[in-house]
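On a predicted model such as this, the values are computed, not experimentally measured, just so you know.
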Amino acid sequence: MVQDCIIVGGGIAGLQAAIQLGRYDVHRILVLDAERGRSVLCRNYRNILGFPKGISGPELRKRGRLQAESLGVLFQTAEVVKAERAEETFKLTDQAGNTYITRTLLLATGITDRIPGIAGMADVLGSTVYICPDCDGHEIQDRDTVLMGAGDAGADMALVLAERARSLVYINHEAIRVTEDRMAKLRAAGIRYETGVISEVVAKQGDRIDAVILEDGRSFAAERGFIAFGGNRVHSDLAGQLGVELSGNRHVLTDPRSKKTNVEGVFAAGDLGVHAEQVTVAMGEGSLAAIWIHKALRP
């Protein structure tokens, strides 16, 4: 069956688009979801309207999918590995060799943060250890904080966080060189700089971390943590296969009003694009894309 729109990615942007498209009551919509991404990992979003105590990424995804399914949107677990133009449609192929045909395509494949396998990290990520300073800088206000990162990426994040934390230690986990100008700025900002392989994040209480432990036995007490290891992967491979224009860091370029790409019939929303990487922004972009997909399907 030819779908009116296939959404690749069942994260927040993809789900919001699915809900909006489903509410038009006229389109065949399929979401192909690899069931991974930032929203799978985040334990508590606290900056979303209506959730003052927060909501976890998995719970938000669960509710979004149920809402979209109630509107007739179909979901399938699949990792799409190939995208190509097929006359007036698009042909997608997943990892298992299954193919899908659609009139329009929304790419909402997001990015994957590079997070080393540190013991205890998965238990605290998104609850007391954070990724985005715009989303969660509030959570470290006047708190002792450890920034776990690498090289200049970690140094840049530390400089952003310094004005909020009561105390801040930057641990360069991979001993990647930090440029001299950044080192000078770290010293000027009163940021403690350490180099060492992190072995564990200790969190005995649910509302805070207790310490970050290094392989050499050193321990750094803290209440909150941030990570910035750099080298995040932008999942723009499918866009590239279709000839979609990409930025220098491989994010997808779109029209800000419609989320259209330079390829007719292909749209992009969420962290895949060039925007502030926040869940609320992803929601808005998903809705924008859906509105203009509807216009493209019913001129």
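- Between atom CD1 of residue Ile191 and atom CE of residue Met183 there is a gap of 10.0 Å, rounded to the nearest 0.5 Å.
- Cluster membership for Val281 and Leu106, using ILVMFWY side-chain heavy atoms within less than 4.5 angstrom, is not shared.
- With hydrophobic clusters built from ILVMFWY side chains whose heavy atoms lie under 4.5 angstrom apart, Ile131 does not share a cluster with Leu60.
- His251 meets the side-chain hydrogen bond (donor to acceptor under 3.5 Å, both in side chains) test with no other residue; sequence neighbours excluded.
- Pairs engaging residues 103-137 under the ring pair (Phe, Tyr, Trp, His ring centres under 6.0 Å) rule: Tyr130-Phe226 [sequence neighbours left out].
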query: Please walk me through it: do Leu214 and Glu194 pass side-chain contact (heavy atoms from CB on, under 4.5 Å)?
result: CA-CA 10 Å; Leu214 305 192; Glu194 300 285 346; 5.5 Å; no
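- For CG of Leu66, the number of neighbouring non-hydrogen atoms (other residues, nucleotides, ligands) closer than 6.0 Å is greater than 12.
- Side-chain contact, Gln278 with Asn47: a donor N or O sits under 3.5 Å from an acceptor N or O.
- For residues 79-107, no residue pair satisfies the ring pair (Phe, Tyr, Trp, His ring centres under 6.0 Å) rule, not counting sequence neighbours.
- A donor-acceptor pair is defined here as one N or O able to donate and one able to accept, closer than 3.5 Å; no such pair exists between the side chain of Thr102 and the backbone of Leu105.
- Within the structure, salt bridge (charged side-chain N to carboxylate O under 4.0 Å, His left out) contacts touching residues 88-103 (residues at least two apart or in different chains) are Asp4-Arg103.
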Residues 197-213 side chain polar contacts: donor-acceptor under 3.5 Å, at least two apart:
unit_1	atom_1	unit_2	atom_2	d
Ser199	OG	Ile213	O	3.1
Arg208	NH2	Ala222	O	3.4
Asp210	OD2	Lys204	N	2.6

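- None of Val8, Thr109, Leu107 except one satisfies the side chain to side chain contact (heavy atoms under 4.5 Å, CB included) rule with Val80; the exception is Val8.
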Donor-acceptor list for residues 288-299 side chains, cut-off 3.5 Å, not counting sequence neighbours:
unit_1	atom_1	unit_2	atom_2	d
His294	ND1	His27	NE2	2.8

All N/O donor-acceptor pairs, side-chain side in residues 148-162, below 3.5 Å, sequence neighbours left out:
unit_1	atom_1	unit_2	atom_2	d
Asp152	OD1	Thr179	N	3.0
Asp152	OD2	Arg182	NH1	3.1
Asp156	OD1	Arg182	NE	2.6
Asp156	OD2	Arg182	NE	3.4
Asp156	OD2	Arg182	NH2	3.3

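- Sequence neighbours left out, the pairs with a member in residues 142-186 that pass ring pair (Phe, Tyr, Trp, His ring centres under 6.0 Å) are Tyr170-Tyr193, His173-Phe229.
- Arg224 places no side-chain N or O within donor-acceptor distance of the main-chain N or O of Arg143, the cut-off being under 3.5 Å.
- A salt bridge (charged side-chain N to carboxylate O under 4.0 Å, His left out) check over residues 256-269, counting only residues at least two apart or in different chains, returns the pairs Lys259-Glu285.
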Only distances under 3.5 Å count here; give the side-chain donor-acceptor pairs of residues 31-41 to other protein atoms, sequence neighbours excluded, each with its distance to 0.1 Å.
unit_1	atom_1	unit_2	atom_2	d
Asp33	OD1	Gly10	N	3.2
Asp33	OD1	Glu35	N	2.9
Asp33	OD1	Arg61	NH2	3.3
Asp33	OD2	Arg61	NH2	2.8
Glu35	OE2	Thr77	OG1	2.9
Arg36	NH2	Glu79	OE2	3.0
Arg38	NE	Asp113	OD1	3.4
Arg38	NE	Asp113	OD2	2.6
Arg38	NH1	Asp271	OD2	3.1
Arg38	NH1	Glu277	OE1	3.1
Arg38	NH2	Asp113	OD1	2.8
Arg38	NH2	Glu277	OE1	3.3
Ser39	OG	Arg61	NH1	2.9

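- In this structure a side-chain-to-backbone donor-acceptor pair under 3.5 Å is missing from Thr99 to Thr93.
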Derivation of the side-chain contact (heavy atoms from CB on, under 4.5 Å) call for Ile19 and Leu71: CA-CA 7 Å; Ile19 291 166; Leu71 297 165; 4.1 Å; yes
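- In terms of hydrophobic clustering, with Ile, Leu, Val, Met, Phe, Trp and Tyr side chains grouped at heavy-atom distances under 4.5 Å, Val169 and Val129 are assigned to a common cluster.
- Residue pairs meeting the salt bridge (charged side-chain N to carboxylate O under 4.0 Å, His left out) criterion with at least one member in residues 157-179, sequence neighbours excluded: Arg114-Glu174, Asp144-Arg166, Arg166-Glu223.
- Counting only residues at least two apart or in different chains, salt bridge (charged side-chain N to carboxylate O under 4.0 Å, His left out) contacts with residues 125-141 comprise Arg46-Glu139.
- No continuous path of ILVMFWY side-chain contacts below 4.5 Å connects Leu186 to Phe220, so the two sit in separate hydrophobic clusters.
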